[in-house]
Amino acid sequence: MKLQFSSSVASLLLILLPLSYAFPARRADESASNPGLKGSKTLIGYSPSEKVGSTTTPDIKYSLLPGQTNDPDIGTWLDFSKVDNPQPIRGDTGGDDPGPRNLNYDRIHSDKLAPPGTDHGATINAQWPMGLSHNRLGIDNAGWARQENTVVMPAATEMAGVDMRLEPAAYRELHWHVASEWSLILNGSCRIQAVNENGETFVDDLTAGDVWFFPPGIPHSIQALDDGVEFLLVFDDGGFNEDNTFLATEVFLHSPKEVLAKNLGVSIADFEDIPDDELYIFKGTPAPKDIEEQNVTTSSGVVPRTKSYSYHFSEQEPHEVAGGSVKIVDPSTFPLASNFSAAVVTVHPGGMREIHWHPSSDEWTFFIKGQGRATIFTAPEAANTFDFMAGDVGYFPQSNSHYIENTGQEDLVFLEVLQASEFTDVALGQWIASTPKQIISDTLKLSDSTLSKLKTEKQYVVAGSTSDE
Ligand SMILES: *[C@@H]1O[C@H](CO)[C@@H](O)[C@H](O)[C@H]1NC(C)=O
Ligand SMILES: *[C@@H]1O[C@H](CO)[C@@H](O)[C@H](O)[C@H]1NC(C)=O
Ligand SMILES: *[C@@H]1O[C@H](CO)[C@@H](O)[C@H](O)[C@H]1NC(C)=O
């Protein structure tokens, strides 16, 4: 220990000695109350005796990726993930970076470090990694939850999201909220249960890929089955806070026991064992295997199928397109979720969700698998490119055009959620191809041969080659 200490002191001295030789310290101001902490007023401004800089240029060792020497406007995606010392250089723009820097960020956000030449100005921040959210840990190793809302993504005003894990038999406590809740199950399976304003009951088992929806105020619970569950919640309010839901424990804790007893027609002593704090995420007894055991039927009846709180989206076949596939669920098939329209998009390596915008809603996106990049274009001339990975949230305001390009070697899978009664988008390719050729060539100076290649069909996902090919 002692040896280590003295050798590190020695190496510090080796670094500091030549520095203090070159820049002799000026005397500390004797009148300062903490003479060791502060310097002297004589340090202000110009000093004729001090020599700043060195005549030797520091030797920053790096090599550029092939795409980095291209015209910056080509905007080739740069894979910095295995580059020793990635540099903010594209063609003849940018310059080297001697530091300080965090190479971890620079390696996974190459479009931040060395943006395409077509980027310009500042758009909203369209990205939030759930990995940077505070994680709320449940009791007894029952699970966790982390959220994205306007606290971390101020421009994402229309929707917020929560990523939640429940271990086998764990519950998300019985609760309700002011916002509408839409959910996609990411892993495992769970049983959901609710009672609506008419006293009609609902219970269903759901698995990865299925969707549920709970309208404002409808009390519900979620319990993981044997394989545990992880799901994504999307709320129709960007300011939603998962910590501010109405919990069963809290409504009991904050109602006078005399009132509870009168209300439920029981005695005050019956409430002796209610928990003295909220449970939120906690372990329960495993749900009975047979769902019928939890199918409470009363004189009010069950929630009719047309008003079901669940949609078995996992059983819907994807629509195959050139570069991947798309699945859409919106109120035309899941009517209760009257303002939630969503697509799960798979993009094969090299492919790309085509340039499009949503005419009637902002888009809240969650990256489920793989990696990709997106440029958001905001009128009149702002464009910023973001690199996304599984676990990241993306946000594209209404009518702001964007694409999502697979930048990895495996399928990219992501969810797009809109606040709209129908899933709609305007595709740049279809628009240009379906406009009179004369108008397009007058405006964009595209040749007749180029115009003849454009496709009037919406592509959703186009195919392409990966940067390695
Ligand atoms: C759920 O997660 C486990 C552990 O990572 C994984 O083995 C399994 O394939 C996942 N299931 C789905 C449906 O993604
Ligand atoms: C619950 O019972 C009702 C009435 O018998 C039935 O219509 C419904 O399908 C049952 N639900 C489940 C999940 O089994
Ligand atoms: C649907 O969402 C949009 C966008 O947030 C909102 O303007 C509209 O009022 C919502 N409609 C309903 C029926 O909630």
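We count ligands from 1, going down the list as the structure has it; atoms in each ligand are counted the same way.
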(request) Measure across Val296 and Thr201 and return the closest heavy-atom pair with its distance rounded to 0.1 Å. (result) O-OG1, 2.7 Å

(request) Apply the side-chain contact (heavy atoms from CB on, under 4.5 Å) test between Phe231 and each candidate in Leu184, Ile222, Leu206; give the one that qualifies. (result) Ile222

(message) I need the nearest protein heavy-atom contact for atom 2 (O) of ligand 3: residue, atom name and distance, please.
(response) Asn339 ND2, 2.4 Å

(request) Assess the pair Trp212 and Tyr309: is the distance between their ring centroids shorter than 6.0 Å? (result) no

(request) Specify the protein heavy atom at minimum distance from atom 13 (C) of ligand 1: its residue, its atom name, and the distance to 0.1 Å. (result) Ala208 CB, 3.8 Å

(message) Out of all atoms in ligand 2, which are within 4.0 Å of some heavy atom of Val203? Include the element for each.
(response) 13 (C)

(message) Does the protein place a non-hydrogen atom closer than 4.0 angstrom to atom 5 (O) of ligand 2?
(response) no

(request) Report the nearest protein non-hydrogen atom to atom 11 (N) of ligand 1: residue, atom name, distance rounded to 0.1 Å. (result) Asn187 ND2, 2.9 Å

(message) Students should be able to answer this: which protein heavy-atom is nearest to atom 14 (O) of ligand 2, and at what distance?
(response) Glu292 OE2, 2.4 Å

(message) Please check: side-chain N/O of Asp442 versus main-chain N/O of Ile440, any donor-acceptor pairing under 3.5 Å?
(response) no

(request) For atom 8 (C) of ligand 1, state whether the nearest protein heavy atom is under 4.0 Å away. (result) yes

(message) Suppose I only count heavy atoms of Glu158 and a 4.0 Å limit; which atoms of ligand 3 are within that range?
(response) 4 (C), 5 (O)

(request) Quickly, which of Val345, Val347, Leu412 forms a side-chain contact (heavy atoms from CB on, under 4.5 Å) with Ile404? Name it, please. (result) Leu412

(request) Would you check, one step at a time, whether the test ring-ring contact (aromatic ring centres under 6.0 Å, His included) holds for Phe423 with His358? (result) CA-CA 9 Å; Phe423 189 92; His358 300 283; 5.6 Å; yes

(request) Return the residue, atom name and 0.1 Å-rounded distance of the protein heavy atom closest to atom 3 (C) of ligand 2. (result) Asn295 ND2, 3.6 Å

(message) Using modelled atom types and a 3.5 Å cut-off, is there a donor and acceptor pairing between side-chain atoms of Thr456 and backbone atoms of Ala433?
(response) no

(request) Determine, using heavy atoms of Thr297 and all atoms of ligand 2, whether some pair is separated by less than 4.0 Å. (result) yes

